[in-house]
Amino acid sequence: QVQLVESGGGSVPAGGSLRLSCAASGIAIRDYCMGWFRQTPGKAREGVVALAPGGGSTYYADSVKGRFTASLDSAANMLALQLNSLEPEDTATYYCAAQRCSDTVVLIRSGQYTYWGQGTQVTVSS
């Protein structure tokens with residue numbers, strides 16, 4: 001059974017930082033395309049970061065480039081997302097996602113992923 005469990009969300013003032021983690025079980029994330037998505041009520045789920053298997057290639061949404069950094073720890077089977085210089089517009093529920101894929105593939109649309117975590121809330125106050 002595949003499980004993805006996010007943690008690390010919280011409430012911070014604008015300019016603050018958070019580190020999100022996604023612990024995976026039932027899969028070896030080094031063999032999977034991994035992604036971070038975020039969603040606010042009434043809006044579609046937005047791709048934030050996408051990684052090819054093993055983290056060889058990484059995609060960042062323009063809105064987070066230079067502020068967010070994803071990292072993959074294959075030994076711990078965990079995916080992390082460092083969020084710096086947070087803005088109120090970053091407020092959302094953040095989700096981790098996984099999909100078995102080829103080595104060089106980066107998947108940036110939510111519909112391309114099969115496995116999802118339950119989400120962790122990030123709230124940034126102005």
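Numbers here are sequence positions counted from 1. Keep in mind that what you see is a predicted model, and the values were worked out from it rather than measured.
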Student: For the residue pair Tyr60 and Thr69, establish whether any side-chain heavy-atom pair is separated by less than 4.5 Å.
Tutor: yes

Student: Counting only N and O atoms by type, is there a donor-acceptor contact under 3.5 Å from the side chain of Ser74 to the main-chain atoms of Arg30?
Tutor: no

Student: Ignoring hydrogens and angles, tell me if any N or O in the side chain of Gln82 forms a donor-acceptor pair with the backbone of Arg19 under 3.5 Å.
Tutor: no

Student: Would Arg45 count as a cation-pi partner of Tyr95, with NZ or CZ less than 6.0 Å from the six-membered ring centre and within 45° of the ring normal?
Tutor: yes

Student: Is the shortest heavy-atom distance from the side chain of Ser125 to the side chain of Ser11 under 4.5 Å?
Tutor: no

Student: What closest approach, in Å, do Cys101 and Leu107 show between heavy atoms, and which atom pair accounts for it?
Tutor: CB-CD1, 4.4 Å

Student: When rounded to the nearest 0.5 angstrom, what is the spacing between CG in Leu4 and OH in Tyr115?
Tutor: 9.5 Å

Student: Is Gln121 reaching over with its side chain to a backbone N or O of Gly10, donor-acceptor style, under 3.5 angstrom?
Tutor: no

Student: Answer yes or no: is there a side-chain heavy-atom contact under 4.5 Å between Val122 and Val12?
Tutor: no

Student: Compare every heavy atom of Ser63 with every heavy atom of Arg38, then report the nearest pair and how far apart it is.
Tutor: NH2-OG, 3.4 Å

Student: Does Leu81 reach the side chain of Phe68, with side-chain heavy atoms less than 4.5 Å apart?
Tutor: yes

Student: So which atom in Ala70 and which in Val49 form the shortest heavy-atom distance, rounded to 0.1 Å?
Tutor: CB-CG1, 3.5 Å

Student: Determine the minimum heavy-atom distance between Met34 and Ala98, stating which atoms define it.
Tutor: SD-CB, 3.5 Å

Student: Please tell me if the side chains of Ile29 and Leu72 come closer than 4.5 Å, counting only heavy atoms from C-beta onward.
Tutor: yes

Student: Just wondering, do Trp36 and Cys22 contact through their side chains at under 4.5 Å, heavy atoms?
Tutor: yes

Student: Do the side chains of Leu79 and Leu83 join up, straight or via other hydrophobic residues, at under 4.5 Å, putting them in one cluster?
Tutor: yes

Student: Please tell me if the side chains of Thr40 and Thr93 come closer than 4.5 Å, counting only heavy atoms from C-beta onward.
Tutor: no

Student: Establish whether Leu20 and Val48 are linked, either directly or via other cluster members, by ILVMFWY side-chain heavy-atom contacts under 4.5 Å.
Tutor: yes

Student: Could you pull out the closest heavy-atom pair between Pro53 and Val105, with the gap in Å?
Tutor: CD-O, 3.7 Å

Student: So, does Glu6 use its side chain to make a donor-acceptor pair with the main chain of Thr120 at under 3.5 Å?
Tutor: no

Student: Considering non-hydrogen atoms only, spot the tightest contact between Ala97 and Tyr113 and give its length.
Tutor: CB-CD2, 3.5 Å

Student: Quick check: does any side chain N or O of Asn77 sit under 3.5 Å from a backbone N or O of Ala24, one acting as donor and the other as acceptor?
Tutor: yes

Student: Look at the side chain of Ser17 and the backbone N and O of Asn84, then say whether any donor-acceptor pair between them is shorter than 3.5 Å.
Tutor: no

Student: How about Arg67 and Glu87: do any of their side-chain heavy atoms sit closer than 4.5 Å?
Tutor: yes

Student: Test your reading of the model: is there a side-chain donor-acceptor pair from Gln99 to the backbone of Thr114, 3.5 Å cut-off?
Tutor: yes

